[in-house]
Amino acid sequence: MKQTGDDYFDSADFHQLLSAYETSMNAGEPVFMDADDLVDIADYYQYTGHKDEAEKAISMALSLSPGAIGPLTYRIHEALYKGNTQRAWDFLDQIIDTDELDYMYDKAEIMLAEGYIEETDEYLRQQLSNMDKYERQDFINDVANIFTENEQPEKAMQWMSMVHQKDTPDFKELMARTLFSLGKYKDSERIFRELVDTDPFSKNYWNALASVQYMNENYQEAIQSSEYSIAIDPNNPEGLLAKANGLYRLENFEEALKYYQRYSEQVPEDEFALLYQGTCLICLERAEEGISVLQKAIYTAPKESPYIDDIYQELAFAYCELKETDKALEALNKTDELDCDHIHIQVIKGHVLLAAGRLDEAEQAFHKAISLSDDPRQTLLRVIVSFYDNKYLHAAYKLFKNYFAYYENENEGTPTTEGYAYMAQCCYDLEYYDEFLNYLKRACAVNPEECRQVLGHLFPKEMKPDDYCQYIKKKLKIED
């Protein structure tokens, strides 16, 4: 039995429970377990990517204990994940013990899934008013956690203000996660650091710290935190994935690939990791291997996966690298019925056609994308960048000139702050060094982040965009 990274699933007690269940199942003997134990086993199978086994366990739980809250809560969460709130209500109606806290939590989660934020808050406050004082604090913590998990951190903060004991590890962790959801990454990181200091052998704290550092774009620190987690438990999936993601962001694709593969050994049916394995292989110019992994990702991914369109996009890029244009377009056409950014897909179609030298078709695709876009400025910029990426340097240069002539005019709305770094790179490649310097100055002034992302390869790794101009003047021997 592999380690999962979950404290309970990796415990001796759960191993014993799972072993007894699997022994009975393999022998074709009756399983004598209560519903909650079977729910834990179903959760384990779901967590480790064994969906068929999870379904067997939860079906058995429901057959042995119809109306039990544990297995019906499992079904409710399953329905909510698939976006089927009506089915979730149907399962809720089957629960016998409607006075249980889990029943209230299930009802609240369904209401939140339907967008009834204030109504959910009112319902839960009503339940709170009827509670014994000894139950109130645990209930408040649980409700705050529900709001955080359902992307309502403001509401979570309101409930946390009612908590009396705010110095407990559980409360601090909830506060850190809620701050994370609010985008207050520095505050979240500070609390997770406190938690790590109090319990340096908690892989969960190290993984959480790695996540917030990743969101703060401190990728090297995120990698270091994940390494502590991996040192504690070499096969914990969250630590492996955190390190892989950090390495990917630092463009260390060879090492990132290894850690995505190690993660997939633990969680074989996670399409996210397969997607990024494929992307790493494409970046390493191993497109054929990338295609094989991406096709596995498509086969593995559930219909409701949020990564399906990304997988098809990467598959298109891989075929594009192999000059198999029609296969690339066929992959992109698979997204037509998906709920995704179809304007973005249209730009990629134009990019693929441009790479194949099919200029007329590419222009048609680009024109369609711009005409349908709610943000034509941003879409046009992506089109111009596609011309640059496909080495149509003079065409990209002229398009950039027209773009800035139009969008630098304040009468056309807020002046653009994007694109200057790309234009600077284009001028650099064309050896128009005076213009390169002018656009570099503008890029550093109005959008240093874009400047770092696009032009950072021209400068020492740790150099800040503020110092780019002076450095490049010396390199090109340009006088002030």
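- When the shell of 6.0 Å around CG of Asp132 is examined, it contains more than 12 heavy atoms from other residues, nucleotides or ligands.
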Query raised in the report: Which is it for Leu353 and Leu329 under the side-chain contact (heavy atoms from CB on, under 4.5 Å) test, yes or no, and what are the steps along the way?
Result: CA-CA 8 Å; Leu353 290 162; Leu329 295 172; 3.8 Å; yes
Requested in this report: Would you check, one step at a time, whether the test salt bridge (charged side-chain N to carboxylate O under 4.0 Å, His left out) holds for Glu265 with Arg262?
Outcome: CA-CA 5 Å; Glu265 289 174 5; Arg262 284 183 59 182; 5.9 Å; no
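- Between the side chain of Ser229 and the main chain of Ser225, no donor-acceptor pair closer than 3.5 Å is present.
- Gln266 contributes no side-chain N or O that, together with a main-chain N or O of Pro237, makes up a donor-acceptor pair within less than 3.5 Å.
- In the model, Asn236 has no side-chain atom that pairs as donor or acceptor with a side-chain atom of Asp10 under 3.5 Å.
- Taking CG from Asn84 and CD from Glu304, the interatomic distance works out to 11.0 Å, rounded to the nearest 0.5 Å.
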Query raised in the report: Does the pair Tyr214 and Ser226 meet the rule for a side-chain hydrogen bond (donor to acceptor under 3.5 Å, both in side chains), with working shown?
Result: CA-CA 10 Å; Tyr214 178 89; Ser226 69; over 6 Å; no
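- Residue Ile110 holds its CD1 atom at 5.5 Å from CG of Leu80, rounded to the nearest 0.5 Å.
- A salt bridge does not link Glu330 to Lys327: none of the charged side-chain nitrogens sits closer than 4.0 Å to a carboxylate oxygen.
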Query - Check against side-chain contact (heavy atoms from CB on, under 4.5 Å), Leu17 and Met33 - result: CA-CA 9 Å; Leu17 177 69; Met33 289 183 178; 3.7 Å; yes
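- Expressed to the nearest 0.5 Å, how far CE of Met25 lies from CG of Leu18 amounts to 11.0 Å.
- Under the 3.5 Å distance criterion, with hydrogens and angles disregarded, no donor-acceptor pair is assigned to the side chains of Asn130 and Gln126.
- With contacts defined as side-chain heavy-atom distances shorter than 4.5 Å, the pair Ile298/Leu315 qualifies.
- Residues satisfying the salt bridge (Lys or Arg N to Asp or Glu O under 4.0 Å) test with Glu55, not counting sequence neighbours, are Arg75.
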Please list every donor-acceptor pair under 3.5 Å in which a side-chain atom of residues 34-42 meets a protein atom from a residue at least two apart or in another chain.
residue : atom : partner : partner atom : Å
Asp34   : OD1  : Asp36   : N            : 3.2
Asp34   : OD1  : Asp37   : N            : 2.9
Asp40   : OD2  : Tyr8    : OH           : 3.4

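- Looking at Asp106 and Thr73, their side chains do bring a donor and an acceptor atom within 3.5 Å of each other.
- Ser292 contributes no side-chain N or O that, together with a main-chain N or O of Glu289, makes up a donor-acceptor pair within less than 3.5 Å.
- You'll find the side chain of Cys280 stays beyond 4.5 Å of the side chain of Cys283, heavy atoms only.
- Panel note: side chain Gln137, backbone His164; a donor-acceptor pair is recorded below 3.5 Å.
- The shortest side-chain heavy-atom distance between Asp97 and Asp102 does not fall under the 4.5 Å cut-off.
- Side chains of Ile146 and Leu112 form a contact here, defined as non-hydrogen atoms less than 4.5 Å apart.
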Could you give the side-chain donor-acceptor pairs of residues 338-352 under 3.5 Å, partners two or more places apart or in another chain?
residue : atom : partner : partner atom : Å
Asp341  : OD1  : Ile343  : N            : 3.2
Asp341  : OD1  : His344  : N            : 3.1
His342  : NE2  : Leu338  : O            : 2.9
His344  : ND1  : Arg382  : NH2          : 2.7
His344  : NE2  : Gln313  : OE1          : 3.1
Lys349  : NZ   : Asn333  : OD1          : 2.8
His351  : ND1  : Ser386  : OG           : 2.8
His351  : ND1  : Asn390  : ND2          : 3.2

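- No side-chain heavy atom of Gln46 sits less than 4.5 Å from a side-chain heavy atom of His77.
- Around the CG atom of Asp93, the shell of radius 6.0 Å holds more than 12 heavy atoms that belong to other residues, nucleotides or ligands.
- Rounding to the nearest 0.5 Å places CD1 of Ile223 at 10.5 Å from CD of Gln213.
- Applying the 6.0 Å contact sphere to NZ of Lys186 captures no more than 12 heavy atoms from other residues, nucleotides or ligands.
- Applying the ring-ring contact (aromatic ring centres under 6.0 Å, His included) definition to pairs two or more places apart or across chains, those involving residues 81-117 are Tyr105-Phe139.
- Other residues, nucleotides and ligands contribute at most 12 non-hydrogen atoms within 6.0 Å of the NZ atom of Lys464.
- The closest side-chain heavy-atom distance from Met160 to Met157 is below 4.5 Å.
- When atom types are taken as modelled, the side chain of Arg452 and the backbone of Pro465 share no donor-acceptor pair closer than 3.5 angstrom.
- Applying the ring-ring contact (aromatic ring centres under 6.0 Å, His included) test to residues at least two apart or on different chains, the pairs with a partner in residues 181-213 are Phe180-Tyr185, Trp206-Tyr228.
- Ion pairing between Glu53 and Lys56 holds under the 4.0 Å rule for side-chain N and carboxylate O.
- Sorted by first then second residue, the ring-ring contact (aromatic ring centres under 6.0 Å, His included) pairs that include residues 248-278, not counting sequence neighbours, are Tyr248-Phe253, Tyr248-Tyr276, Tyr260-Tyr276, Phe272-Tyr276, Phe272-Tyr307.
- A donor-acceptor pair under 3.5 Å is absent between the side-chain atoms of Ser19 and the main chain of His15, judged by distance alone.
- Using modelled atom types, one side-chain atom of Ser188 and one backbone atom of Ala176 make a donor-acceptor pair closer than 3.5 Å.
- A 4.5 Å side-chain heavy-atom check between Lys107 and Gln127 finds every atom pair outside the cut-off.
- For the residue pair Gln158 and Glu154, no side-chain donor N or O sits within less than 3.5 Å of a side-chain acceptor on the partner.
- Each of Glu221, Met215, Lys184 was compared with Glu189 under the side chain to side chain contact (heavy atoms under 4.5 Å, CB included) criterion, and only Glu221 meets it.
- Between the side chain of Ser373 and the main chain of Ile370, no donor-acceptor pair closer than 3.5 Å is present.
- The closest side-chain heavy-atom distance from Tyr420 to Asn447 is not below 4.5 Å.
- With hydrogens and angles disregarded, no donor-acceptor distance shorter than 3.5 Å links the side chain of Asn216 to the backbone of Asn218.
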Query raised in the report: Please walk me through it: do Leu274 and Asp270 pass side-chain contact (heavy atoms from CB on, under 4.5 Å)?
Result: CA-CA 7 Å; Leu274 294 171; Asp270 187 341; over 6 Å; no
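- Separating the CD1 atom in Ile282 from the CG atom in Leu294 is a distance of 5.0 Å, to the nearest 0.5 Å.
- The 12-atom threshold is exceeded at CD of Gln295, counting heavy atoms of other residues, nucleotides or ligands nearer than 6.0 Å.
- The one candidate from Glu122, Glu118, Glu119 that meets the salt bridge (Lys or Arg N to Asp or Glu O under 4.0 Å) condition with Lys155 is Glu118.
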Requested in this report: Please step through side-chain contact (heavy atoms from CB on, under 4.5 Å) for the pair Tyr219 and Asn252, ending with a clear verdict.
Outcome: CA-CA 11 Å; Tyr219 302 126; Asn252 188 344; over 6 Å; no
